[in-house]
Amino acid sequence: MLLRSPLIVLVFTLAACSAPPPSYEESIARAREAKDAMFRESAESPIPPGKRASWPPLQYFPVDASYRVPAALKPPAGRAEAIVMPTSTGQQRQMRRAGTLEFSVHGQPLRLSAFSDIDSPVAQRLFVPFGDLTNGEETYPGGRYLDLDPTPTGLYEIDFNRAYSPYCAYNPQYDCPFPPPENRLKAHIRAGEKHKNPKP
């Protein structure tokens, strides 16, 4: 049995503790690798069990930091308004409008409404469904999603490199809300998840 001296153990521990955090690009790459693994291996995968092992990696636009921008959340006047979103299965999903995110991408001012669960009095997470001019060509026709953790300041970071397709893009049995008309951007958002994968 190989024994290590306390000094050697300390050196290895300090080296591990002093390792630099992953770069922004590395953190995005790791998240994408983890999602591919989940799609292939997890019981929570939207891919039917018989197709998981051979499911190819998801496709993405190259990481582009210019699609990572600050945004200010403008809360609604008065009580948060409820909105009904149609879904991919023809159902109606009720959400609560938490406010409007105002930001710019490549010099173009843009706005997206952010939503929270209708049954939650306090927004635990903001749900931002959006469409853009890549839908139907390079991305899922029904739009994509962003999730934002709430902040006490009302200032957020919108990172379209983390935009993802809803599960119904990969399995029609899932019920996915479509972005409302106000969240259909008149811009090409060439960042985040593409949709060129085979159907289940």
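Below, each value reflects all heavy atoms present in this structure, side chains not excepted, and no hydrogens, waters or symmetry copies.
Scanning for ring-ring contact (aromatic ring centres under 6.0 Å, His included) contacts around Tyr156 gives an empty result, with sequence neighbours left out. Every side-chain contact (heavy atoms from CB on, under 4.5 Å) that Ser42 has, sequence neighbours left out, goes to Met38, Glu44. Under the side-chain hydrogen bond (donor to acceptor under 3.5 Å, both in side chains) criterion, Gln91 pairs with no residue at all, not counting sequence neighbours. Every residue two or more places apart in sequence or in another chain was checked for a salt bridge (Lys or Arg N to Asp or Glu O under 4.0 Å) with Glu41, and none qualifies. Applying the ring-ring contact (aromatic ring centres under 6.0 Å, His included) rule to Phe130 yields the partners Phe160; only residues at least two apart in sequence or on another chain are considered. Considering only residues two or more places apart in sequence or on other chains, Glu33 meets the salt bridge (Lys or Arg N to Asp or Glu O under 4.0 Å) condition with none of them. Looking at residues two or more places apart in sequence or on another chain, you find a ring-ring contact (aromatic ring centres under 6.0 Å, His included) between Tyr164 and Tyr145. For Gln94, the side-chain contact (heavy atoms from CB on, under 4.5 Å) partners at least two apart in sequence or on another chain are Val84, Ile118. Take His188 and apply the side-chain hydrogen bond (donor to acceptor under 3.5 Å, both in side chains) test, not counting sequence neighbours, and it matches no residue. Residues passing the side-chain hydrogen bond (donor to acceptor under 3.5 Å, both in side chains) test with Arg190, sequence neighbours excluded: Glu138.
Across all non-hydrogen atoms, the minimal contact from Pro109 to Ser104 is CA-OG, 3.7 Å. Contact between Gly142 and Phe178 at its shortest, heavy atoms only, is O-CD2, 3.8 Å. Listed here is the closest heavy atom pair of Ser66 and His106: OG-NE2, 2.8 Å. Annotation for Gly154 and Thr151: closest pair N-OG1, 3.3 Å, computed over non-hydrogen atoms. When all heavy atoms of Gln108 and Ala187 are compared, the pair lying nearest together is OE1-CB, 3.6 Å. When all heavy atoms are compared, the tightest approach of Leu73 to Ala114 is CD1-CB, 4.3 Å.
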Worked verdict on Arg93 versus Asp175 for salt bridge (Lys or Arg N to Asp or Glu O under 4.0 Å): CA-CA 9 Å; Arg93 183 83 60 89; Asp175 181 60; 3.0 Å; yes
Step-by-step salt bridge (Lys or Arg N to Asp or Glu O under 4.0 Å) determination, Arg125 to Asp149: CA-CA 5 Å; Arg125 199 170 220 201; Asp149 292 323; 3.1 Å; yes
Arg32 vs Glu193, salt bridge (Lys or Arg N to Asp or Glu O under 4.0 Å): CA-CA, chis, key distance, verdict: CA-CA 9 Å; Arg32 292 175 176 179; Glu193 192 172 320; over 6 Å; no
Derivation and outcome, side chain to side chain contact (heavy atoms under 4.5 Å, CB included), residues Arg144 and Thr134: CA-CA 10 Å; Arg144 291 178 290 168; Thr134 69; 3.9 Å; yes
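Under the 3.5 Å distance criterion, the side-chain polar atoms of Ser23 are matched with a main-chain donor or acceptor of Glu26. Panel note: side chain Glu102, backbone Leu112; no donor-acceptor pair is recorded below 3.5 Å. Looking at Arg40, its side chain never comes within 3.5 Å of a backbone N or O of Lys35 through a donor-acceptor pair.
Contact of the Pro129 side chain with the Pro180 side chain is registered, since non-hydrogen atoms from C-beta on lie closer than 4.5 Å. Side-chain contact check for Cys176 versus Thr87: every heavy-atom pair is 4.5 Å or farther apart. Contact annotation: the side chain of Pro70 never approaches that of Phe103 to less than 4.5 Å [non-hydrogen atoms, C-beta and beyond]. Between Phe127 and Asp147, the closest side-chain pair of non-hydrogen atoms falls below 4.5 Å. Side-chain atoms of Leu146 and Leu126, non-hydrogen and from C-beta on, never get closer than 4.5 Å to each other. Looking at heavy atoms from C-beta onward, Pro166 lies out of side-chain contact with Tyr174 at the 4.5 angstrom threshold. Side-chain contact between Leu133 and Leu185 is absent, with no heavy atoms from C-beta onward closer than 4.5 Å. Using a 4.5 Å heavy-atom cutoff, the side chains of Asn171 and Ile47 are not in contact.
Taking CG of Asp117 as the reference point, atom CZ of Arg96 lies at 9.0 Å (rounded to 0.5 Å). Atom CG of Asn183 and atom CD1 of Ile83 lie 8.0 Å apart (nearest 0.5 Å). Within the model, atoms CG of Leu101 and CG of Leu148 stand 6.0 Å from one another, a figure rounded to the nearest 0.5 Å. One finds the CD atom of Gln59 at 11.0 Å from the OG atom of Ser165 (value rounded to the nearest 0.5 Å).
Tracing side-chain contacts under 4.5 Å through hydrophobic residues (I, L, V, M, F, W, Y), one never reaches Val128 starting from Met85; they form parts of separate clusters. Follow the hydrophobic side-chain contacts under 4.5 Å out from Leu110 and you never reach Phe115; the two are in separate clusters. Val69 and Val63 fall into different hydrophobic clusters, defined by Ile, Leu, Val, Met, Phe, Trp and Tyr side-chain heavy atoms under 4.5 Å apart, directly or through other members.
Counting only residues at least two apart or on different chains, the salt bridge (charged side-chain N to carboxylate O under 4.0 Å, His left out) pairs with a member in residues 159-170 are Asp159-Arg162. For the salt bridge (charged side-chain N to carboxylate O under 4.0 Å, His left out) condition, the pairs that include at least one residue of residues 59-71, sequence neighbours left out, are Arg68-Glu157.
For Glu182, the CD atom is densely surrounded, since the number of other residues' heavy atoms within 6.0 Å is greater than 12.
When only modelled atom types and interatomic distance are considered, Asn161 and Tyr24 share a side-chain donor-acceptor pair under 3.5 Å.
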